[in-house]
Amino acid sequence: MSLARGHGTSRRVSVPDIFDRAARRRYRDRAAADFAGYDFLRAAMLDGLQERLDSVKRDFTDVLDLGCFDGGFAGPPGARMVRCDAGSRFAAGAGGIVAEEDHLPFAEASFDLIVSAGVLDSVNDLPGALIQARRALRPDGLFLAAFVGAGSLASLRAALRVAEGDRPAARLHPQIDVRSAGDLLMRAGFALPVADGETLNVRYGDLGGLLRDLRGMAATNALNGRRPLRRDSLARAYQAFADLADPDGRVPERFEIIFMTGWAPSPDQPKPARRGSATASLAAALKLPQG
């Protein structure tokens, strides 16, 4: 697979980093050894992506697994797979290359399918990453992605709000909702964009269990300017989280999974009807009185 000479969406535009790139890579390397014990969220994403892929009646020959983790995405039978990850240990373990999602090293039209599960919610330049993914696709190539979206970790958010009072620090990543995900696909130039969501509910005995899962899936706070939680604030967070428990003593936590589907533009794709091209009026179709 040929590599592109340049990176990024523009040499003239500098996008400020929301996330600490070095910390993000470090968290992924830390999670690599034991990721199989914490892969339930990505497994749910891959199941959803596979269902969407199974509904597409065509063959794919060159596939990019973007943010491959441990290489759990099997890919279509017979397809040539290229795997990449921002973490060197995940990339090495999956036999892939090290690359960040908004700095792709691939030439244009390299793939006919790109799949990404569990990484786009922590990319600094998400619009740029989507543009680069679209450019790396051949005409009529398919882009499928899933990531944690708006509404996730509501119990953790509530516990931290109690723990830090009126002036909480930024500890959870910004979250994208379904509508914004669809808008991002359109802005990136994808044809036939679709965004939808599914909910995964998990129940925890205490806050420590949730924090271990987030650490194990490389999903802890990677924001620039983050600062550690003080011991007294952490103790209040544990108690506030426990106060949210159901009668059985377990706290429900929600993960909202956003799915994105888009196609690289092609002249062969169906086009929406031209505005004003209808041959029958809405009133006639509904049998409404004229006048």
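It should be emphasised that the depicted structure is a prediction, and the values quoted were computed from it without experimental measurement.
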At what distance, to the nearest 0.5 angstrom, does [atom1] of [X] lie from [atom2] of [Y]?
{"X": "Leu126", "Y": "Arg187", "atom1": "CG", "atom2": "CZ", "value": "9.0 Å"}
{"X": "Leu229", "Y": "Leu211", "atom1": "CG", "atom2": "CG", "value": "9.5 Å"}
{"X": "Leu64", "Y": "Leu113", "atom1": "CG", "atom2": "CG", "value": "8.5 Å"}
{"X": "Ser155", "Y": "Phe241", "atom1": "OG", "atom2": "CZ", "value": "5.5 Å"}

Indicate if [X] and [Y] have the same hydrophobic cluster label, given that clusters are the connected sets of ILVMFWY residues with side-chain heavy-atom separations under 4.5 angstrom.
{"X": "Ile114", "Y": "Val98", "value": "no"}
{"X": "Val123", "Y": "Leu144", "value": "yes"}
{"X": "Leu214", "Y": "Leu234", "value": "yes"}
{"X": "Leu210", "Y": "Leu172", "value": "yes"}
{"X": "Phe259", "Y": "Val194", "value": "no"}

Salt bridge check, Arg25 against Glu100: does any charged N sit closer than 4.0 Å to a carboxylate O? yes
Salt bridge or not between Arg236 and Asp232? Use side-chain N to carboxylate O under 4.0 Å. yes
Does the side chain of [X] reach to within under 4.5 Å of the side chain of [Y], using non-hydrogen atoms?
{"X": "Ser152", "Y": "Gln175", "value": "yes"}
{"X": "Asp112", "Y": "Thr61", "value": "yes"}
{"X": "Phe190", "Y": "Thr261", "value": "no"}
{"X": "Phe106", "Y": "Arg135", "value": "no"}
{"X": "Arg42", "Y": "Phe35", "value": "yes"}
{"X": "Val251", "Y": "Asp243", "value": "no"}
{"X": "Leu137", "Y": "Leu142", "value": "no"}
{"X": "Glu253", "Y": "Leu153", "value": "yes"}

State, to 0.1 Å, how close [X] and [Y] come at their nearest heavy-atom pair, and which atoms those are.
{"X": "Ile18", "Y": "Pro174", "value": "CG2-CG, 4.5 Å"}
{"X": "Gly182", "Y": "Ala195", "value": "N-CB, 3.6 Å"}
{"X": "Leu49", "Y": "Ser116", "value": "CD1-O, 3.8 Å"}

Closer than 3.5 angstrom, by distance alone: can the side chain of [X] be matched with the main-chain N or O of [Y] as a donor-acceptor pair?
{"X": "Asp246", "Y": "Asp248", "value": "no"}
{"X": "Gln132", "Y": "Leu104", "value": "yes"}
{"X": "Asp183", "Y": "Met186", "value": "no"}

Report the C-alpha distance between Glu198 and Arg52 in whole Å, list the side-chain angles of each, state the deciding distance to 0.1 Å, and finish with yes or no for salt bridge (Lys or Arg N to Asp or Glu O under 4.0 Å). CA-CA 13 Å; Glu198 296 179 5; Arg52 288 157 175 80; 3.5 Å; yes
Taking atom [atom1] of [X] as the centre, report whether more than 12 heavy atoms of other residues, nucleotides or ligands fall under 6.0 Å from it.
{"X": "Arg226", "atom1": "CZ", "value": "yes"}
{"X": "Asp196", "atom1": "CG", "value": "yes"}
{"X": "Arg227", "atom1": "CZ", "value": "no"}
{"X": "Asp47", "atom1": "CG", "value": "yes"}

Please report the C-alpha distance between Asp62 and Ser110 in whole Å, then the side-chain angles of each, then the deciding distance to 0.1 Å, and finally whether the side-chain hydrogen bond (donor to acceptor under 3.5 Å, both in side chains) criterion is met. CA-CA 7 Å; Asp62 293 294; Ser110 294; over 6 Å; no
Tell me yes or no: between the side chains of Ser122 and Arg24, is some donor less than 3.5 Å from an acceptor? yes
Between Glu164 and Ser233, is there a side-chain donor-acceptor contact under 3.5 Å, judged purely by atom types and distance? no
Taking side chain to side chain contact (heavy atoms under 4.5 Å, CB included) as the criterion, tell me which of Leu160, Thr220, Leu223 meets it with Arg171. Leu160
Between Glu101 and the options Val119, Leu130, Asp125, Asn124, the side chain to side chain contact (heavy atoms under 4.5 Å, CB included) test singles out Val119
Quick one: do Asp177 and Ser180 satisfy side-chain hydrogen bond (donor to acceptor under 3.5 Å, both in side chains)? Show the steps, please. CA-CA 5 Å; Asp177 61 21; Ser180 296; 2.8 Å; yes
What verdict does the salt bridge (Lys or Arg N to Asp or Glu O under 4.0 Å) test give for Arg21 and Asp17, after you've listed the backbone C-alpha separation in whole Å, the side-chain angles of each residue and the deciding distance to 0.1 Å? CA-CA 8 Å; Arg21 293 178 186 269; Asp17 280 355; 3.1 Å; yes
Start with the C-alpha distance between Asp20 and Arg26, add both sets of side-chain angles, then the distance that settles salt bridge (Lys or Arg N to Asp or Glu O under 4.0 Å), and finish with yes or no. CA-CA 10 Å; Asp20 181 336; Arg26 187 167 64 250; 5.3 Å; no
Could you walk me through whether Phe111 and Phe60 pass the ring-ring contact (aromatic ring centres under 6.0 Å, His included) check? CA-CA 9 Å; Phe111 307 100; Phe60 297 98; over 10 Å; no
Axial cation check for Tyr38 ring with Arg212, 6.0 Å and 45° limits: no
